[in-house]
2 protein chains.
Amino acid sequence: MMIVGEVPNVTPSSNGKPPPPVPTLERLATYHRFLVDLSHAQVETISSAEVERQTGINAAQFRKDLSYFAQFGKPGVGYNVVDLRDRIARILKIDQDQKLILVGAGNLGSALVGYPGLKEHRFNLVAVFDNNYGKIGRPLWNLEIMDVTRVKEVNQQHRARIAILAVPSVSAQMVTDLLVAAGIRAILNFAPVMLRVPDTVFVRNVSFLQELSVLSYHLSADPPFDGLSILRELDDHGNMAETD
Amino acid sequence: MMIVGEVPNVTPSSNGKPPPPVPTLERLATYHRFLVDLSHAQVETISSAEVERQTGINAAQFRKDLSYFAQFGKPGVGYNVVDLRDRIARILKIDQDQKLILVGAGNLGSALVGYPGLKEHRFNLVAVFDNNYGKIGRPLWNLEIMDVTRVKEVNQQHRARIAILAVPSVSAQMVTDLLVAAGIRAILNFAPVMLRVPDTVFVRNVSFLQELSVLSYHLSADPPFDGLSILRELDDHGNMAETD
DNA sequence: ATGCATTTGTTACGTATTTCACAATTAGCT
DNA sequence: AGCTAATTGTGAAATACGTAACAAATGCAT
Ligand SMILES: NC(=O)c1ccc[n+]([C@@H]2O[C@H](COP(=O)([O-])OP(=O)(O)OC[C@H]3O[C@@H](n4cnc5c(N)ncnc54)[C@H](O)[C@@H]3O)[C@@H](O)[C@H]2O)c1
Ligand SMILES: NC(=O)c1ccc[n+]([C@@H]2O[C@H](COP(=O)([O-])OP(=O)(O)OC[C@H]3O[C@@H](n4cnc5c(N)ncnc54)[C@H](O)[C@@H]3O)[C@@H](O)[C@H]2O)c1
């Protein structure tokens with residue numbers, strides 16, 4: 001048994017090479033998004049140095065991240081934007097439709113169900129569940145909210161492997177157990193609790209309160225509001241003037 | 001100038017000691033939440049070993065995290081739950097009301113405005129902004145949506161230092177510049193883009209698509225849906241049976 | 001009061017991740 | 001074809017982070 005905060009470092013198709021670090025995988029998704037934008041802007045090729053300039057991610061980091069998978073670029077030239085975009089999509093398996101289910105059709109869950117970014121990344125939300133009888137049977141965007149107790153039965157049809165969990169903290173573990181029993185192998189958890197899952201199941205936690213707390217800490221050295229003194233040093237894009 | 005993915009490692013009140021790693025700060029927020037729950041359950045004291053059992057975070061890690069700040073526990077006894085909870089709150093500056101503003105009263109923004117967890121952590125949302133004239137002037141929960149062009153003016157009143165950014169990617173940089181000009185020092189960014197900010201401003205990104213992509217990658221070694229074979233090994237809490 | 005079982009705080013160690021630095025590769029130019 | 005400027009891919013060095021191990025501190029039982 002395992003209690004999960006981070007995803008365990010397992011290699012898909014365990015070969016000889018060292019598995020890519022999880023931070024590399026996270027950045028891969030960032031690169032993908034960035035490359036999508038570049039491709040829309042008709043940019044043909046890009047160098048690692050230019051990636052650094054535009055994203056702030058160190059150029060060597062970018063190259064090393066890619067090196068875990070294959071060779072993508074041409075020395076002296078750079079990377080073909082469309083090619084790299086598609087190859088990263090293949091690595092992350094966001095090049096083909098992937099089914100998702102969601103539990104918890106509340107405030108946050110409803111926002112997620114209507115989020116077009118999911119489709120754009122080929123995540124296909126196929127079912128939404130709740131335990132509130134006032135909600136079950138009602139439509140949410142293009143889906144009908146279903147009884148959470150039917151999740152196993154319903155997922156025998158869909159065979160989704162990823163679930164989004166957007167229920168209150170107190171219910172999160174209970175629902176997780178249902179999801180695991182329904183064959184779910186990966187959970188994106190929005191409740192601020194650590195879930196207990198078998199070690200065959202991956203969990204990633206999203207916690208805004210945690211993020212806000214970290215920001216709050218970082219401000220704690222500062223005066224409550226530094227007035228507008230700093231603003232005099234800023235150009236009209238809000239950036240520091242005169243810095244390289 | 002700096003383009004931010006992670007928060008730079010600056011110590012509040014730069015003294016001699018090494019600054020706490022950012023992962024430590026993230027876990028601190030997790031401990032705080034956990035301690036709140038324990039205090040509600042009337043638990044008086046807890047040992048690092050028990051923290052490990054209940055959260056999955058290594059006991060030595062827990063002790064080391066705390067050691068960056070002060071001594072909190074008694075050897076042979078453990079930690080006083082309420083005391084530790086409050087001292088972590090002080091470290092993260094979530095022991096006193098902290099003003100927030102939010103830009104982007106869309107799907108996600110609306111869910112966030114109504115999120116009671118904010119108040120519980122003493123984050124006090126004081127103003128909401130949008131650029132859609134159909135929304136400006138309308139109420140959202142207990143606030144009135146204001147014109148984003150007024151953000152600087154309005155924040156001269158409130159003097160909030162933290163902003164939540166929930167606008168579409170294309171607008172994110174533009175709005176960020178307004179926020180910086182309005183004296184905002186920390187941004188929680190939900191748009192899947194890297195923001196350019198002066199290095200006096202902290203940014204943390206929240207990206208579900210990135211999280212989903214990492215999960216997607218981890219499943220890529222597996223068969224599409226591993227049927228129910230695995231379920232035979234699970235007890236009725238969905239946990240692996242017979243694993244230590 | 002002493003001894004024992006427990007648990008902390010911290011130093012030392014090990015692993016993971018990032019950054020550096022450079023040989024190797026490519027395209028364009030003459 | 002050979003030279004040049006640009007840029008990759010990658011081992012090696014540097015940094016950051018996590019884990020283990022243990023002396024010091026505490027409370028409890030006798
Ligand atoms: N709203 C936000 O902006 C926000 C932000 C950060 C984190 N979160 C977290 O996300 C989760 C959901 O937040 P929310 O604001 O949407 O809450 P909510 O109360 O609006 O929605 C929760 C939904 O879950 C359903 N639910 C409760 N128990 C259930 C169960 N056992 N099975 C199935 N469904 C069940 C409820 O009926 C409700 O529809 C919470 O854990 C919250 O802490 C929310
Ligand atoms: N909805 C989700 O569940 C979800 C999930 C992940 C990420 N996101 C991200 O969060 C952001 C918001 O998503 P959403 O679904 O709420 O979008 P949305 O379109 O529902 O809302 C965006 C809001 O921002 C406002 N806006 C646009 N330009 C603005 C500007 N220049 N100044 C002020 N306000 C402006 C719009 O009027 C709208 O009200 C997007 O970047 C999206 O990618 C959303």
Side-chain angles (χ1 to χ4, degrees), chain A residues 2-11 16-28 30-31 43-81 83-84 87-88 214, chain B residues 2-11 16-28 30-31 35 43-81 83-84 87-88 91 214:
Chain A
M2 203 183 56
I3 304 174
V4 176
E6 277 302 311
V7 165
N9 213 349
V10 185
T11 332
K17 285 173 284 184
V22 172
T24 290
L25 298 173
E26 294 172 355
R27 282 188 297 269
L28 234 45
T30 303
Y31 303 148
V43 178
E44 297 245 335
T45 64
I46 190 160
S47 69
S48 60
E50 188 59 22
V51 169
E52 174 164 352
R53 242 164 283 143
Q54 293 195 40
T55 68
I57 296 172
N58 179 287
Q61 180 82 79
F62 175 77
R63 296 198 301 274
K64 179 155 272 248
D65 284 340
L66 297 181
S67 78
Y68 286 103
F69 302 97
Q71 279 151 218
F72 297 93
K74 281 189 186 163
V77 181
Y79 302 84
N80 180 286
V81 169
D83 176 57
L84 185 57
R87 292 175 73 179
I88 292 178
V214 173
Chain B
M2 202 182 58
I3 303 173
V4 175
E6 278 302 310
V7 165
N9 214 349
V10 186
T11 333
K17 284 174 283 185
V22 172
T24 289
L25 298 174
E26 294 171 354
R27 283 188 297 271
L28 235 43
T30 303
Y31 303 148
L35 290 163
V43 178
E44 296 244 335
T45 64
I46 190 159
S47 68
S48 61
E50 188 59 24
V51 169
E52 173 163 354
R53 240 165 284 141
Q54 295 195 39
T55 68
I57 296 172
N58 178 287
Q61 179 82 80
F62 176 76
R63 296 198 300 274
K64 178 165 249 238
D65 284 341
L66 297 181
S67 77
Y68 285 102
F69 302 96
Q71 280 153 215
F72 299 92
K74 280 191 186 163
V77 181
Y79 301 83
N80 179 287
V81 169
D83 176 58
L84 184 58
R87 292 176 72 179
I88 292 178
I91 291 166
V214 173

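Sequence lines set the chain letters: A, B, ... in the order given, protein chains first and strands last, and positions in each chain run from 1.
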Which pair of non-hydrogen atoms, one from [X] and one from [Y], has the smallest distance, and what is that distance?
X	Y	answer
Ala60(B)	Asn58(B)	N-OD1, 2.7 Å
Tyr68(B)	Pro21(B)	CZ-CD, 3.4 Å
Asp83(B)	Phe72(B)	OD2-O, 4.5 Å

List the protein contact pattern of nucleotides 3-14 of chain D with one symbol per nucleotide (5' to 3'): B for base contact, S for sugar-phosphate-only contact, - for none; contact means a heavy-atom distance under 4.0 Å.
---BBBBBBB--

Just the rounded figure in Å: distance from [atom2] of [N] to [atom1] of [X].
X	N	atom1	atom2	value
Glu50(B)	dT8(C)	CD	C1'	16 Å
Gln61(B)	dA20(D)	CD	P	11 Å
Ile57(A)	dT19(C)	CD1	P	10 Å
Leu28(A)	dT18(C)	CG	P	12 Å

For dG18(D), does OP1 or OP2 lie under 4.0 Å from any side-chain N or O of Arg27(B)?
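Checking Arg27(B) against dG18(D): at least one side-chain N or O falls below 4.0 Å of OP1 or OP2.
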
Within the pair Asn58(A) and dC20(C), is there a side-chain N or O less than 4.0 Å away from OP1 or OP2?
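For Asn58(A), the contact criterion (side-chain N or O under 4.0 Å from OP1 or OP2 of dC20(C)) is met.
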
Walk me through whether Leu84(A) and Leu66(A) qualify under side chain to side chain contact (heavy atoms under 4.5 Å, CB included).
CA-CA 10 Å; Leu84(A) 185 57; Leu66(A) 297 181; 4.1 Å; yes

Verdict with reasoning, Tyr79(A) to Tyr31(A), per ring-ring contact (aromatic ring centres under 6.0 Å, His included)
CA-CA 12 Å; Tyr79(A) 302 84; Tyr31(A) 303 148; 9.6 Å; no

Taking salt bridge (Lys or Arg N to Asp or Glu O under 4.0 Å) as the test, write out the residues that go with Arg63(A), two or more places apart.
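Residues passing salt bridge (Lys or Arg N to Asp or Glu O under 4.0 Å) with Arg63(A): none at all.
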
